[in-house]
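A short write-up of the structure that comes next.
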Number of protein chains: 2
Amino acid sequence: MTTRMTRQRAAVAEALDEQDEFRSAQQLHEVLRARGDSVGLATVYRTLQTFADAHEVDQLRNADGEVLYRRCERVEHHHHLVCRSCRRTIEIDGPTVEAWAAKVGAAHDFTDIDHTIELWGTCKDCRG
Amino acid sequence: MTTRMTRQRAAVAEALDEQDEFRSAQQLHEVLRARGDSVGLATVYRTLQTFADAHEVDQLRNADGEVLYRRCERVEHHHHLVCRSCRRTIEIDGPTVEAWAAKVGAAHDFTDIDHTIELWGTCKDCRG
DNA sequence: ACCAAGCGTGAGAATCGTTCTCATGAATCG
DNA sequence: CGATTCATGAGAACGATTCTCACGCTTGGT
Ligand SMILES: [Mn+2]
Ligand SMILES: [Mn+2]
Ligand SMILES: [Zn+2]
Ligand SMILES: [Zn+2]
């Protein structure tokens, strides 16, 4: 029920804050190892999941199905435009698609509508 | 280079046509086994991937990360509204979001924009 | 119809991201 | 300062998907 503050959770949160791009659990585990914070891989997975459940980090899947995490600037609901190669991320505010998604769901008598909306592309720097 | 017609591919295509909902490779493998068509699991995976590459079937991931396949009515690009519990699927035509996705990508100088847009909900029949 | 060439198949091994197990460690609270 | 109980971590287990490779079948030409 209660969430305890541990060295490990603080370390994961801090490593996460240093990242600009979406990162996988394994990548973050490596970041932690490199900076000297010893945190078990299982703990990294658990902690990220906990953060995600608390909406403290955003979560998405890349084309390979790997789960990526990122602490975003804005707390409110939003979407992402992510560079396929460097994962540079732009936070997108999409009132247009929000309305569209809700309307479509209602029109077909579906409830508890949830939407997965992510944009992938190649950023300027990653273009030859 | 050339694609050969085999008993297995015909069987997978046929099983796929009988389905109304999105199905995983393993589910389709089971469907094939049940109807007496013996097709190896690896072949089912390969065949579905081949069909997807040829845009003959649509492909998406559920919340657990499993890949689901479905032969849709419309051949043109579209999206889906899928029931989380029974996977009943509605094909969605989204000119609104198409334009939105393209505009957002261009605005941030990203190219080769690709979008993942799927809606999940609970259909009427699956509501208590 | 016959044959050679090479793509397709399948059983099982291998991958790999993620989760589980469970004994041990550490936050929390009175 | 305990007692309680959640958190941790090393390694095992899982599960979806892919890979391996010997053998079979489709195909295109003769
Ligand atoms: Mn949204
Ligand atoms: Mn679209
Ligand atoms: Zn980039
Ligand atoms: Zn349903």
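All chains are named by letter (A, B, ...) in the order of the sequence lines, taking the proteins before the strands, and each is independently numbered beginning at 1.
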*Between dG9(D), dG8(C), dG10(C), which one does the side chain of T6(B) approach most closely?*
dG8(C)

*Between dC16(C) atom P and E30(A) atom CD, what is the distance in whole Å?*
16 Å

*asked:* Nearest heavy atom decides the nucleotide; on that basis, is A42(A) or R61(B) closer to the 5' end of DNA chain D?
replied: A42(A)

*So does T3(A) get a side-chain nitrogen or oxygen closer than 4.0 Å to the phosphate oxygens (OP1/OP2) of dC6(D)?*
no

_Spacing of H29(A) atom NE2 relative to dT19(C) atom P, expressed in whole Å_ = 15 Å

_Nearest to the Y45(B) side chain among dA16(D), dT8(D), dT26(D), which nucleotide is it?_
dA16(D)

*Would you please classify the geometry between the W100(A) ring and the H79(B) ring as parallel, tilted or perpendicular, with 30° and 60° separating the classes?*
perpendicular

*Would you mind reading off the distance between E66(A) atom CD and dT18(D) atom P, rounded to a whole angstrom?*
13 Å

*Specify the angle, to 10°, made by the local axes at the two ends of the helix from dA1(C)-dT30(D) to dG30(C)-dC1(D) when five pairs are taken at each end.*
40°

_Is Q26(B) close enough to dA16(D) that one of its side-chain N or O atoms is under 4.0 Å from OP1 or OP2 there?_
yes

*Check the distance between dT18(C)'s P and L28(A)'s CG and give it to me in whole angstrom.*
11 Å

*Take atom CE of M5(B) and atom P of dG28(D), then tell me their distance rounded to the nearest Å.*
12 Å

*How do R46(B) and R7(A) order along DNA chain C: which one's closest nucleotide is nearer the 5' end?*
R46(B)

*Taking atom types as modelled, is there a side-chain donor on E98(A) or H77(A) under 3.5 Å from an acceptor on the other?*
yes

Could you tabulate the donor-acceptor pairs under 3.5 Å formed by side-chain atoms of residues 103-110 of chain B, not counting sequence neighbours?
from	atom 1	to	atom 2	distance (Å)
D109(B)	OD1	R127(A)	NH1	3.4
D109(B)	OD1	R127(A)	NH2	3.2

*Would you say dT5(D) has OP1 or OP2 under 4.0 Å from some side-chain N or O of R4(A)?*
no

_Parallel, tilted or perpendicular: which one describes the rings of H80(B) and F22(B), with boundaries at 30° and 60°?_
perpendicular

*Any side-chain donor-acceptor pair under 3.5 Å between Q19(A) and Y69(A)?*
no

*asked:* Rounded to whole Å, please give me the gap between CZ in R9(B) and C1' in dC7(C).
replied: 8 Å

_Check the phosphate of dA7(D) against Q8(A), side-chain N and O only, distance under 4.0 Å to OP1 or OP2. Yes or no?_
no

*Looking at every strand, decide which applies to S38(A) at a 4.0 Å heavy-atom threshold: base, sugar-phosphate, or nothing.*
sugar-phosphate

*asked:* Nearest whole Å is fine: how far is dA16(D) P from L48(B) CG?
replied: 15 Å

_Residue among R71(A), R23(A), R70(A) satisfying salt bridge (charged side-chain N to carboxylate O under 4.0 Å, His left out) with D17(A)_ = R71(A)

*Hey, are Q8(A) and R46(A) close enough side-chain-wise for a donor-acceptor pair under 3.5 Å?*
no

*Select from G65(B) and V44(A) the residue whose nearest nucleotide in DNA chain D is closer to the 5' end of that strand.*
V44(A)

*L68(A) has an atom CG; how far is it from atom C1' of dG17(C), in whole Å?*
12 Å

_Interatomic distance, E73(B) atom CD to D58(B) atom CG [nearest 0.5 angstrom]_ = 11.0 Å

*Of T43(B) and V67(A), whose closest DNA chain C nucleotide lies nearer the 5' terminus?*
T43(B)

